[in-house]
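These notes concern the structure reproduced below.
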Amino acid sequence: MTSGLDRPETTAGRYPSRFRQSGLKARHLRAHIAVAAWAGLALVAASDRQTLPVARWLAIHLFLLGAATTALVLWSEHFAVALLHARRPDERWSDARLAAVNVAVAGVLAGVWADRPVLTGAACALLVAALAAHFTVLVRIGRGPWAGVSLLWSASIGRRRWR
């Protein structure tokens, strides 16, 4: 015995997904492809120790700088918007920050591997600038009507915990 609510074909048209309509699905898919590519390159570097000169260093940094940083930039913005019920930042600037992070990480890794300190320094500066811009966006997202209350509440819990 089933009702009309049990069949997905009848409920799919009734409640449209905001996630699907907003274009976030495609954006997150593109970002996850980048994360998977960084993780895949880390696996290749970890498994190819004989031919790569700094395979262990490269594998660690491909994973941490590439995959983890990309995922953190993507998901910290997503969850800040979702949990604070804030407006989403402009998608073009979010994509630009994510692209800058990925280009900077590639530049850092290429500069260290090729022993080019100028490239490494410029890529580090780009990475710091992209992460600073991301942090600024997160702070702006957090400035909502409840931001001060949540900050005071979390500070009071922290004080009680460490006494």
Side-chain angles (χ1 to χ4, degrees), residues 16-144 146-147 150-151 153-155 157-158 161-162:
S17 171
R18 282 181 31 201
F19 184 71
R20 199 174 308 132
Q21 290 174 349
S22 66
L24 282 177
K25 189 174 184 179
R27 179 176 184 261
H28 287 171
L29 181 62
R30 287 191 309 266
H32 285 301
I33 289 171
V35 172
W38 286 118
L41 287 172
L43 285 173
V44 168
S47 65
D48 197 15
R49 291 186 182 202
Q50 282 73 28
T51 58
L52 292 174
V54 285
R56 180 179 293 166
W57 180 92
L58 188 61
I60 291 170
H61 285 80
L62 278 167
F63 181 74
L64 290 179
L65 268 179
T69 305
T70 301
L72 283 171
V73 167
L74 174 74
W75 288 108
S76 61
E77 181 179 306
H78 171 76
F79 282 117
V81 168
L83 294 175
L84 295 173
H85 302 287
R87 281 190 3 207
R88 285 189 313 135
D90 187 15
E91 187 174 329
R92 292 174 295 174
W93 289 110
S94 295
D95 288 344
R97 283 190 307 275
L98 197 60
V101 165
N102 283 305
V103 167
V105 167
V108 167
L109 295 173
V112 170
W113 192 21
D115 196 25
R116 302 277 188 239
V118 174
L119 175 61
T120 306
C124 284
L126 177 62
L127 183 60
V128 168
L131 292 177
H134 178 68
F135 179 73
T136 303
V137 168
L138 290 179
V139 168
R140 285 186 177 180
I141 289 172
R143 287 187 184 168
W146 293 101
S150 64
L151 181 63
W153 180 76
S154 62
I157 287 186
R161 183 178 298 159
W162 296 106

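In what follows, residues are counted from 1 in the order of the sequence shown.
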With rounding to the nearest 0.5 angstrom, report the [atom1] to [atom2] distance, [X] to [Y].
X: F63; Y: L58; atom1: CZ; atom2: CG; value: 14.0 Å
X: L109; Y: L41; atom1: CG; atom2: CG; value: 9.5 Å
X: T136; Y: L131; atom1: OG1; atom2: CG; value: 10.5 Å
X: F79; Y: L74; atom1: CZ; atom2: CG; value: 9.0 Å

Does CH2 in W57 sit with more than 12 non-hydrogen atoms of other residues, nucleotides or ligands closer than 6.0 Å? yes

Which heavy-atom pair separates [X] from [Y] by the least distance, and what is that distance?
X: G107; Y: A123; value: C-CB, 3.4 Å
X: N102; Y: A34; value: ND2-CB, 4.3 Å
X: W38; Y: A67; value: CB-N, 3.3 Å
X: A130; Y: A100; value: CB-CB, 3.9 Å
X: L138; Y: A80; value: CD2-CB, 3.9 Å
X: G111; Y: T120; value: C-OG1, 3.0 Å

Listed by chain and number, what are the side chain to side chain donor-acceptor pair (under 3.5 Å) partners of [X], not counting sequence neighbours?
X: S76; value: H134
X: D90; value: R92
X: T69; value: none

Could you check whether any side-chain heavy atom of P89 comes within less than 4.5 Å of a side-chain heavy atom of V81, counting everything from C-beta outward? yes

Stepwise side-chain contact (heavy atoms from CB on, under 4.5 Å) test for L65 and L127: CA-CA 10 Å; L65 268 179; L127 183 60; 4.0 Å; yes

Stepwise salt bridge (Lys or Arg N to Asp or Glu O under 4.0 Å) check, R97 with E77: CA-CA 11 Å; R97 283 190 307 275; E77 181 179 306; 2.8 Å; yes

Can you confirm if the aromatic rings of W75 and H32 lie within a centre distance of less than 6.0 Å? yes

